[in-house]
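Some notes on the structure that comes next.
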Amino acid sequence: MIAMSDIYEKIMDLAKRRGFIWPTSECYGSVAGFIDYGPLGSMMKRNIENIWRKFYIVSEGYYEIECPTIGQEEIYVASGHVKGFSDKMCQCPHCREYLRADHIAEGNGIAGASAMKSEELASVIGTLPCPACEEVLGPVEVFSFNLMFHTTIGPGSQRTGYLRPETAQGIFTDFSRLLRFYRDRLPFGTVQIGKSYRNEISPRQGMIRLREFTQAEAEIFVHPDQKRHPRFHRYADYEMPLFSAEQQRAGASPLSMTMQEAVQRGVVANEYVAYYLALTHDLLVRIGISAERLRFRQHLPDELAHYAEDCWDAEVFSSRFGWVETVGIADRTDYDLRAHEQQSGERFAVFLPYETPQRMNRVRVVPNMGALGPRFRGSAKAIADAIGTSLPGPDGITLTIEGNEMLITPDLYEVREEVVEVPGEEVTPHVIEPSYGIDRMIYGVLEHSYHEEIVDDEERRVLRFPPAVAPIQVAVFPLMNRDGLPEIAMEITDALKNRGILAEYDDSGAIGRRYRRQDEVGTPFAITVDYDTREDRTVTVRDRDSMRQVRVDSARIPDLIRSLIDQTVSFAEL
RNA sequence: GCAUCGAUGGUCUAGUGGCAUGACUUAGGCCUUCCAAGCCUAUAGCCCGGGUUCAAUUCCCGGUCGAUGCACCA
């Protein structure tokens, strides 16, 4: 068994040695919070992203878009990141510790500190002790530290830009185009996979907290009153552990239940959220996260964003970091679209026609301009506008125009009752957002796939990746480096490549060493060409996990390996 | 960001104010008929900047990165 304390070191060491993860730009000294994906890491990342695409694009039908990683200031004013994504900080003049100014105030029982302006906060905390050195702070400067990377766009104008702190906003700002693309109907979804940036104050957990990271996000736009997922039946009976807010408060454990139950019992807000909880569980297990080390935790009321109706985190257990939030699934209501409506002045709504236009009685107050004009002259327009939105009393309408209260008598307007046909309504959709941290998923897969075992008194290190995740899918070896075996092995390698399979030929060193090399990078299958191959064209296929081998006709190899990778056939069945 | 500790080939490591150890890995070769065997050969290293010194990988100062604690953390 592996000592849990050093599994992280072992994994990162292997990842570094074998080309999965490297510290970035090492020749100049690395920078914390940034990593390079090496050859095998890039391949593995792409495989995971493509599995994600299979779930969201192929299966759900939510197309992918790609937006810039730099956005103009307005986007992030609207999203709240310019204001809300910064911390009010100060530095203790005595011990030079950087501190959260609002936390100092709140820690001393001062309410509403998070809403205060910097100057106000500074004067409040001046008399308080530093939590680090306990000296009274005295006059301090409170400054905002924004977690967004700041830049300027173009020369001269110095227009402010930010590196995006999440991919989601690109989807919101494209809402009108997307709505038209999806032909003006709800629900529809759009996804984006790409880099996001957060200038973390002190990123220290390896690839768990990065300053540049990859997100895969889906934004699903639904009718606010229709949160039943049209394909809910797919996951209705899917059972998994849910760590609800209630269970957390009670100090209890997660409860295992089906999605159907979860929605019926009100544990999960609606079918959409439940559906993506199950889909996420399905996906994470499929890429190699162990189900025993995966849970879904609901946000407690105090950590739930004020606009969110429900939010769950998929948490992956790491023996080093504990439960790591890896995916967030939230019902964000109409918050984002409303925010961009307000900032941009554009309307972000869907016009939904009724099945049959509805007849409605409407009372309209129509001002009599012929009488209003001569009587009120310059104020006539303002009065007419006010009349249009008023409810007349028996004696007329009382209005306050330019500070003067006045009575508008019934002869100055006409009340018309009319029947109008309303063809439909405008609806601002609600947004269901599953948001995945790809890098954290990769770390989770690495940690959960890593195994050490003793074979013939030798330690064997093996990454038990699912075949679809493994960077190298199959290795091909000639048993001996002569007698025509290499030629046959190279032919088989070519046949595999022609079938779109990532195959690696290797004839260096003893056969056992070659198997071990592939075990360590998680290659699921290895084909060996031996002397029998010359006689009957059969080769051995070796399974990484069981180390068992079967002999098969070499002509069948490309199709067989394809099926093994796609998991339509399992090795045990051979 | 603060405090403590650390940094020597790809990896692990010995050691030093004056030619820098060894093992593993990797590459080439010999051998070898299925799970890191053996033999020969080769490649490759003192985190960065400044200072002290005739001479610094070694001592001093500053920085970077990493670990730990504090603080911070969609």
Side-chain angles (χ1 to χ4, degrees), chain A residues 5-6 8-10 12-14 16-19 22-34 38 79-81 84-85 87-92 94-100 102-104 107 130-133 145 147-148 164-168 196-206 208-211 213 215 217 299 303 305 311 313 320 325-328 330 433 435 437 440 455-462 477-483 485 508-520 526-534 539-542 544 547-549 551:
Chain A
S5 55
D6 59 356
Y8 172 80
E9 268 90 11
K10 285 176 182 244
M12 293 317 282
D13 171 54
L14 188 156
K16 212 189 286 182
R17 252 185 316 113
R18 303 310 302 269
W22 290 329
T24 191
S25 59
E26 268 184 298
C27 67
Y28 293 109
S30 315
V31 187
F34 296 95
S79 70
H81 285 98
F85 212 54
D87 295 327
K88 294 271 192 295
M89 303 200 56
C90 65
Q91 189 178 25
C92 171
H94 315 290
C95 66
R96 303 184 58 218
E97 184 101 318
Y98 281 96
L99 305 155
R100 278 282 295 268
D102 50 338
H103 285 194
I104 300 173
C130 166
C133 68
F145 179 77
L147 259 32
M148 283 194 294
R164 64 181 178 195
E166 59 178 29
T167 56
S196 293
Y197 303 83
R198 293 178 192 176
N199 201 0
E200 300 285 353
I201 297 165
S202 172
R204 275 219 306 197
Q205 294 150 339
I208 297 296
R209 225 159 104 235
L210 294 169
R211 287 181 166 133
F213 55 100
Q215 284 187 307
E217 294 192 300
H299 278 206
E303 58 182 323
C311 184
D313 288 333
R320 175 56 162 267
E325 53 180 289
T326 302
V327 183
E433 179 192 77
S435 168
R440 290 180 174 188
V455 178
D456 297 333
D457 293 331
E458 258 328 314
E459 185 184 71
R460 182 171 96 112
R461 283 182 299 272
V462 50
F477 309 140
L479 182 61
M480 289 296 137
N481 200 1
R482 59 170 188 236
D483 303 325
L485 303 186
S508 134
I511 189 81
R513 177 186 298 280
R514 287 179 258 164
Y515 285 136
R516 290 293 185 277
R517 262 203 285 257
Q518 295 299 333
D519 288 340
E520 210 183 32
I527 292 160
T528 301
V529 171
D530 58 18
Y531 284 89
D532 289 351
T533 312
R534 295 201 307 182
V539 294
T540 61
V541 179
R542 181 242 195 203
R544 175 197 64 206
M547 294 171 62
R548 277 183 40 236
Q549 288 178 297
R551 277 205 96 80

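Reminder, nothing fancy here: chain letters follow the sequence lines and each chain counts from 1.
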Is A/Glu200 touching bases, backbone alone, or none of the nucleic acid, heavy atoms closer than 4.0 Å? sugar-phosphate
Write down the partner of B/C72 under the Watson-Crick or G-U wobble criteria, each distance required to be under 3.5 Å. none
By nearest-nucleotide position on RNA chain B, the 5'-leaning member of A/Val327 and A/Arg516 is A/Arg516
Taking the P atom in each of B/A56 and B/G18, what is the distance between them to the nearest angstrom? 11 Å
Interatomic distance at C1', B/G17 relative to B/C60, whole Å: 13 Å
Give me, pair by pair, the N or O atoms of the protein and of nucleotides 66-68 of chain B that are less than 3.5 Å apart, along with how far apart they are.
unit_1	atom_1	unit_2	atom_2	d
B/A67	O3'	A/Arg320	NH2	3.1
B/U68	OP1	A/Arg320	NE	3.3
B/U68	OP1	A/Arg320	NH2	3.0
B/U68	O4	A/Arg204	NH1	2.3

What residue among A/Arg461, A/Arg460, A/Arg544, A/Arg514 forms side chain to side chain donor-acceptor pair (under 3.5 Å) with A/Asp519? A/Arg460
Are A/Arg551 and A/Asp532 within salt-bridge range, i.e. N to O under 4.0 Å? yes
So A/Arg461, base contact, sugar-phosphate only, or nothing? Heavy-atom distance under 4.0 Å. base
Under 4.0 angstrom, heavy atoms only, what part of the nucleic acid is A/Ser30 near: base, sugar-phosphate, or nothing? sugar-phosphate
Heavy-atom nearest nucleotide on RNA chain B taken for A/Ile511 and for A/Arg17; more 5' hit belongs to A/Arg17
Taking all heavy atoms of A/Ala526 and all of A/Tyr515, pick out the closest pair and write down the distance. CB-CE2, 3.8 Å
To the nearest angstrom, how far is A/Lys16 atom NZ from B/C65 atom C1'? 10 Å
Taking atom P in both B/A7 and B/U57, what distance in whole Å separates the two? 16 Å
N/O donor-acceptor pair under 3.5 Å between A/Glu325 side chain and A/Asp313 backbone: no
For nucleotides B/C2 and B/A20, find the distance between their P atoms and express it as a whole number of Å. 37 Å
Interatomic distance, A/Glu458 CD vs B/C24 P [rounded to whole Å]: 12 Å
Which is true for A/Gln549 with a 4.0 Å heavy-atom rule: it touches a base, it touches only sugar-phosphate, or it touches nothing? base
If pairing means Watson-Crick or G-U wobble with both distances under 3.5 Å, then the partner of B/C31 is none
Inter-nucleotide P distance (B/C39, B/C54), Å rounded: 49 Å
P atom, B/U58 versus B/U16: distance in rounded Å? 14 Å
In this structure, CD of A/Gln215 is separated from CZ of A/Arg164 (nearest 0.5 Å) by 8.0 Å
For B/A56, which nucleotide is its Watson-Crick or G-U wobble mate, given both distances must be under 3.5 Å? none
Rounded to the nearest 0.5 Å, what separates atom OG1 in A/Thr540 from atom CZ in A/Arg548? 12.5 Å
Using the C1' atom as the reference point in each nucleotide, state the distance between B/G45 and B/A23 in Å, no decimals. 15 Å
Inter-nucleotide P distance (B/G50, B/G66), Å rounded: 23 Å
A/Tyr515 OH to B/A37 P, in whole Å, measures 14 Å
Is a salt bridge present between A/Arg17 and A/Glu520, judged by a nitrogen-to-oxygen distance below 4.0 Å? yes
Selection from B/A36, B/U11, B/C34 that lies nearest to any side-chain heavy atom of A/Asp13: B/U11
Could you check which nucleotide pairs with B/A37 in any of the strands shown, counting Watson-Crick or G-U wobble with both distances under 3.5 Å? none
May I ask which nucleotide in the shown strands pairs with B/G6, Watson-Crick or G-U wobble, both distances under 3.5 Å? B/C65
Hey, does A/Leu485 have a side-chain heavy atom less than 4.5 Å from the side chain of A/Tyr531? yes
So do the side chains of A/Lys16 and A/Pro23 get within less than 4.5 Å of each other, counting heavy atoms only? yes
Nucleotide-resolved protein contact map, nucleotides 26-33 of chain B, B/S/- at heavy-atom distance under 4.0 Å: SS----BB
Assess whether one donor atom and one acceptor atom, taken from the side chain of A/Tyr28 and the base of B/C48, lie less than 3.5 Å apart. no
Measure distances between side-chain N and O atoms of A/Arg542 and base N and O atoms of B/C35, and say whether any donor-acceptor pair falls under 3.5 Å. yes
In whole Å, I'd like the distance from the CZ atom of A/Phe34 to the C1' atom of B/U64. 14 Å
Assigned partner base of B/U16, Watson-Crick or wobble definition, under 3.5 Å: none
So what does A/Glu26 hit on the nucleic acid, given a heavy-atom distance under 4.0 Å: a base, only sugar-phosphate, or nothing? nothing
Under 4.5 Å between any side-chain heavy atoms of A/Arg18 and A/Arg517, yes or no? yes
Give A/Arg544 one of three labels, base, sugar-phosphate or nothing, depending on what nucleic acid heavy atoms sit under 4.0 Å from its own. nothing
Is there a side-chain contact between A/Arg516 and A/Val455 (heavy atoms, below 4.5 Å)? yes
Side chain proximity check, A/Arg320 to A/Ile208, heavy atoms < 4.5 angstrom: no
